[in-house]
Amino acid sequence: MSFSSDVKEELFKKIPQGRHCKIAEISAIIGMCGRIQISSNNRLRIRIHTENSVVARKYFTLLKKTYNIETVVSVRQSNKQSIYTITTIYHEDAVTVLQGSKLLDKYGNVREDLSIEDGLLVQKECCKRAYIRGSFLAGGSIIDPNKFYHLELVCNTQYKAEQLKKMISYFNINAKIVERKGHYVVYIKEGSDVVDTLSVMEAPVSLMNLENVMILKDMRNSVNRRVNCETANLNKTVSAAVKQIEDIKYIRDTVGLSKLSSNLQEIAKLRLENGDASLKELGEMLDPKVGKSGVNHRLRKISEIADGLRSK
């Protein structure tokens, strides 16, 4: 399964203790993938459609535990994809659920776009957690963290997206909204914020798995940076050695190394015999030993002499 599927499977097992939290999660699921059917004689039914069996199972479980009402569950195939539908049977049950979920206005009408009334359903922090959890189950996803960090929740209206963003921001998580193909997407893209969101939704196993991925990626990036740095230094050292050897050979083949002072002759012969040695290693071969800066100074003098000969 994908990482996103693993998270939802874990969230399915999280059943809130408080009745108010169960209702908040029910409301979020209905708001994300629910429809309200009104018959000719004004009888109501709540119907949710989802391609995810986890969402269907969680919604069915929450309804049973919270209201103990009867529903009709059906499954059909569409383009090799299973579509799960759960429908309330009785008008009175639908009204009870809608009233409890704050999806009816004060006149008893279904609220537009099935958004909740601000503040009424999610006053407590635990209810905010439950609402975010239900919203993610029904309309959220997480990209494989081995690729990059990105969590998103797709809403059908901007108002609903703003409500959800406000709830997530309550937990000091940086969420943003973007419009995409007629929908409004609440997204989180910082690794630490995705971790915090999993914590808010109460998915500890997925949280630890994500943190393990982040640790491994950080270690891998650190190793890569070190290797790249060492490679760059090695290339720089090799390039410098090649230039030094070319300069020494040019002097040897034109005026002869005997024209150099004794200390420059000494370092020139060592460089010709030890093309792969570092400046520090060359310095340790001298008697008496010379530091890295001293060796670099002598080789730079040789380079200046060679450049002078070339200019003539």
Side-chain angles (χ1 to χ4, degrees), residues 11 15-50 52 55-74 83-140 153-170 177 182-184 186 201:
L11 295 180
I15 303 297
Q17 294 294 318
R19 176 182 172 86
H20 44 85
C21 294
K22 292 186 182 76
I23 293 173
E25 196 163 344
I26 289 171
S27 180
I29 294 174
I30 294 174
M32 282 290 189
C33 58
R35 300 286 185 275
I36 309 301
Q37 295 181 327
I38 305 176
S39 67
S40 56
N41 56 349
N42 288 325
R43 310 295 285 178
L44 299 179
R45 289 199 304 176
I46 305 170
R47 173 172 290 180
I48 71 155
H49 298 271
T50 177
N52 194 322
V55 179
R57 286 184 286 143
K58 185 65 178 288
Y59 177 71
F60 178 85
T61 302
L62 288 172
L63 280 183
K64 200 70 177 174
K65 288 182 176 291
T66 308
Y67 297 107
N68 194 29
I69 62 176
E70 294 184 43
T71 56
V72 175
V73 180
S74 62
I83 306 295
Y84 302 88
T85 303
I86 300 178
T87 310
T88 57
I89 298 174
Y90 303 111
H91 169 78
E92 293 75 17
D93 290 339
V95 171
T96 298
V97 174
L98 292 172
Q99 285 178 336
S101 302
K102 306 304 179 189
L103 295 173
L104 295 179
D105 62 22
K106 61 182 179 180
Y107 303 108
N109 299 317
V110 177
R111 288 181 61 81
E112 187 178 356
D113 74 23
L114 293 178
S115 61
I116 59 172
E117 190 170 346
D118 282 333
L120 288 180
L121 188 68
V122 290
Q123 291 179 339
K124 296 182 178 181
E125 182 177 298
C126 56
C127 294
K128 289 183 176 68
R129 291 176 183 272
Y131 192 91
I132 295 170
R133 181 168 55 245
S135 297
F136 178 81
L137 271 170
L153 303 101
V154 181
C155 304
N156 55 7
T157 67
Q158 184 175 1
Y159 179 71
K160 194 178 294 183
E162 293 288 353
Q163 277 190 324
L164 197 50
K165 177 179 179 292
K166 182 179 179 181
M167 256 181 269
I168 294 171
S169 299
Y170 170 85
I177 298 175
H183 290 81
Y184 295 85
V186 182
M201 296 190 297

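Numbering of residues begins at 1 and proceeds along the displayed sequence. Every heavy atom of this structure was used, including side-chain atoms; hydrogens, water molecules and symmetry mates were not.
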Quiz item: Distance from Leu11 atom CG to Leu137 atom CG, nearest 0.5 Å?
Solution: 5.0 Å

Quiz prompt | Test log, rule salt bridge (Lys or Arg N to Asp or Glu O under 4.0 Å), inputs Glu125 and Arg129 | solution = CA-CA 6 Å; Glu125 182 177 298; Arg129 291 176 183 272; 3.1 Å; yes

Practice problem: Kindly give the heavy-atom pair with the smallest separation between Tyr184 and Thr157, and that separation in Å. | Solution: CD1-C, 3.4 Å

Quiz prompt | Pairs satisfying salt bridge (charged side-chain N to carboxylate O under 4.0 Å, His left out), at least one member in residues 62-73, at least two apart | solution = none

Quiz prompt | Flag, side chain of Lys165 to backbone of Ile177, donor-acceptor distance under 3.5 Å | solution = no

Quiz item: If you look at every heavy atom in Arg45 and Ile89, which pair is closest and at what distance?
Solution: CD-O, 4.2 Å

Quiz item: Would Thr50 and Asn52 count as having a side-chain donor-acceptor pair, cut-off 3.5 Å?
Solution: no

Self-check item: Over 12 foreign heavy atoms within 6.0 Å of OH, Tyr67
Solution: yes

Quiz prompt | Test log, rule side chain to side chain contact (heavy atoms under 4.5 Å, CB included), inputs Thr96 and Leu98 | solution = CA-CA 6 Å; Thr96 298; Leu98 292 172; over 6 Å; no

Quiz item: Considering only heavy atoms from C-beta outward, does the side chain of Tyr59 approach that of Thr71 to under 4.5 Å?
Solution: no

Quiz item: Step by step, would you call Leu164 with Met32 a side chain to side chain contact (heavy atoms under 4.5 Å, CB included)?
Solution: CA-CA 11 Å; Leu164 197 50; Met32 282 290 189; 3.8 Å; yes

Quiz item: Is there a side-chain contact between Ile15 and Thr61, using heavy atoms and a 4.5 Å cut-off?
Solution: yes

Practice problem: Rounded to the nearest 0.5 Å, what's the gap from OH on Tyr90 to CD1 on Ile69? Could you check? | Solution: 11.0 Å

Quiz item: After noting the C-alpha distance and the side-chain angles of Ile23 and Leu121, does the key distance pass the side chain to side chain contact (heavy atoms under 4.5 Å, CB included) rule?
Solution: CA-CA 8 Å; Ile23 293 173; Leu121 188 68; 3.8 Å; yes

Quiz item: So do the side chains of Thr85 and Ile48 get within less than 4.5 Å of each other, counting heavy atoms only?
Solution: no

Practice problem: Write down the atom of Thr66, the atom of Arg19, and the distance for their closest heavy-atom approach. | Solution: O-NH1, 2.6 Å

Quiz item: Looking only at heavy atoms, which two atoms of Pro16 and Lys22 are closest? And how far apart?
Solution: O-NZ, 2.9 Å

Quiz item: Which pairs pass salt bridge (charged side-chain N to carboxylate O under 4.0 Å, His left out) with one or both residues in residues 23-37, sequence neighbours excluded?
Solution: Glu25-Lys58, Glu25-Arg133

Exercise. Output the distance between atom CG (Asn156) and atom SG (Cys33), rounded to the nearest 0.5 Å.
Key: 10.5 Å

Quiz item: Leu63 and Val97: side chain to side chain contact (heavy atoms under 4.5 Å, CB included), yes or no, with the steps?
Solution: CA-CA 8 Å; Leu63 280 183; Val97 174; 4.0 Å; yes

Practice problem: State the CE-OG distance between Met167 and Ser135, to the nearest 0.5 angstrom. | Solution: 6.5 Å

Quiz item: Which heavy atom of Ala28 sits nearest a heavy atom of Gly134, and at what distance?
Solution: CB-C, 3.8 Å

Quiz item: Just how far is it from atom CZ of Arg57 to atom OH of Tyr84, taken to the nearest 0.5 Å?
Solution: 8.5 Å

Quiz prompt | Nearest atoms (heavy-atom pairs only) where Met201 meets Ile132 | solution = CG-CG2, 3.9 Å

Practice problem: Using a 4.5 Å cut-off on heavy atoms from C-beta on, say whether the side chain of Arg47 contacts that of His49. | Solution: yes

Quiz prompt | Gap separating the CD1 atom of Ile46 from the OG atom of Ser101, nearest 0.5 angstrom | solution = 7.0 Å

Exercise. State whether the side chain of Lys128 and the backbone N or O of Ile168 hold a donor-acceptor pair below 3.5 Å, judged by distance alone.
Key: no

